[in-house]
2 protein chains.
Amino acid sequence: MQFSFRMPVAVHILLCVASFQDELKVTSNFLAGSVNVHPVIIRKTMGQLKAAGLVDVAAGVGGARLSRSPEEITLLDVFHAVEEEEDLFHFHENPNPACPVGRNIHALLDNRLQTIRGHMMKDLEAITLQSLLDDLKAKTT
Amino acid sequence: MQFSFRMPVAVHILLCVASFQDELKVTSNFLAGSVNVHPVIIRKTMGQLKAAGLVDVAAGVGGARLSRSPEEITLLDVFHAVEEEEDLFHFHENPNPACPVGRNIHALLDNRLQTIRGHMMKDLEAITLQSLLDDLKAKTT
DNA sequence: TTTGTTGCAATATCATAGATTACAACAAAT
DNA sequence: ATTTGTTGTAATCTATGATATTGCAACAAA
């Protein structure tokens, strides 16, 4: 089990927008060509990024731009924009309350797993779009 | 998206085995009653725990026991026993190699996300079955 | 008014997880 | 040796969620 590819796709979109917004009109069709998914998926994801205040999309005429500088966009922002707010692990419903383990399993695991999730969020927060752009530049020059 | 509930179920199984192995025969039907899932799911999960060397199951006569002491079983052991070895995030296949972003997106994200996954593994490793049993005892007495 | 685009709904397709059924293999008890 | 209760495993069913696809109204600029 793993997270869907919405997150990598969203990062891909943001990198493309950051890289090309000054040279050409970054449309969902253009992005679909680079990411290689259906344009509607791009538009949907872009809608989430827009709702999160990460990009501005020009309705009608088309094209997208970053709403903030790449230093101010972290992977945590992207994650929150794109993924549901869920627990990392899915608990089984209705464990038997007559069993001491069943009665307590949820409470036992919950805070420990939330801690792990918290660490993951911190890690994502430490990665900025700018750092990815820097790496990208290093790889392409 | 999140991990399936195999992991919490496996922990539940191990806690029950540890708690009851000296008092009664811990069968898949007994466990199914506490966890509240189908006995076949228990047997399947138990098979994974057995293959990972965490429990011994008595074929024929039935009943399970821990193969090691609870101090020597970590949630990382359980995780490896029960979850596929996958990346945390699912990458989109076939990004456009003609685009500098598409050509590099995988390499850009991969090691960063692997690092995050590594932290998660370390966190899981720090949680022993014994610590859960201690908490359980504190809650039930 | 035309053109290219976004936003969104509806539907289709596909993969995966869990539930369920069925049954052979097994070991102990009698 | 037979019975009994259990494990191990395969096959199938169902539900859910993710992505793909189609279609179209709304929009803004030329």
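Convention: sequence-line order gives letters A, B, ...; per-chain numbering from 1. Note that the structure is predicted; figures quoted are calculated from it, not measured.
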Enquirer: Does a salt bridge link A:Asp123 with B:Arg112, judged by any charged N lying under 4.0 Å from a carboxylate O?
Expert: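 Answer for the salt bridge query: no.
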Enquirer: State, to 0.1 Å, how close A:Pro39 and A:Asn29 come at their nearest heavy-atom pair, and which atoms those are.
Expert: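 Looking at all heavy atoms of both residues, the closest pair is CG-OD1, 3.5 Å.
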Enquirer: Could you identify the nucleotide paired to D:dA30, looking across every strand shown and requiring Watson-Crick or G-U wobble geometry with both distances under 3.5 Å?
Expert: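 Looking at the geometry, D:dA30 pairs with C:dT1.
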Enquirer: Indicate whether the side chain of A:Ser131 and that of A:Asp134 have a donor and an acceptor atom separated by less than 3.5 Å.
Expert: no
Enquirer: Does one side chain, of B:Ser69 or B:Glu71, offer a donor that lies under 3.5 Å from an acceptor on the other?
Expert: yes
Enquirer: CD1 of A:Ile41 versus P of D:dT22: gap in Å, rounded?
Expert: 13 Å
Enquirer: In whole Å, what is the span from the CD1 atom of B:Ile13 to the P atom of D:dT7?
Expert: 11 Å
Enquirer: Of the options B:Thr45, B:Ile13, B:Val9, which is the one that meets B:Leu31 in a side chain to side chain contact (heavy atoms under 4.5 Å, CB included)?
Expert: B:Ile13
Enquirer: Compare every heavy atom of A:Pro70 with every heavy atom of A:Thr128, then report the nearest pair and how far apart it is.
Expert: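 So the minimum-distance heavy-atom pair works out to CB-O, 4.0 Å.
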Enquirer: Taking atom C1' of C:dA17 as reference, at what distance in whole Å does atom NE2 of B:His38 sit?
Expert: 15 Å
Enquirer: Separation of A:Glu93 atom CD from D:dA15 atom P, in whole Å?
Expert: 17 Å
Enquirer: Please give, in whole Å, the distance from C:dA19 P to A:Asn94 CG?
Expert: 11 Å
Enquirer: Between protein and nucleotides 5-12 of chain C, map the contacts as a letter string: B base, S sugar-phosphate only, - none, heavy atoms under 4.0 Å, written 5' to 3'.
Expert: BBBB----
Enquirer: For the pair made of NE2 in B:His90 and C1' in C:dC14, what is the distance, rounded to whole Å?
Expert: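 About 12 Å, once rounded to whole Å.
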Enquirer: Rounded to whole angstrom units, what separation is found between the CG atom of B:Leu24 and the P atom of D:dT6?
Expert: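 Distance, rounded to whole Å: 12 Å.
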Enquirer: Rounded to whole Å, how long is the line connecting atom CG of B:Asp56 with atom C1' of D:dT7?
Expert: 14 Å
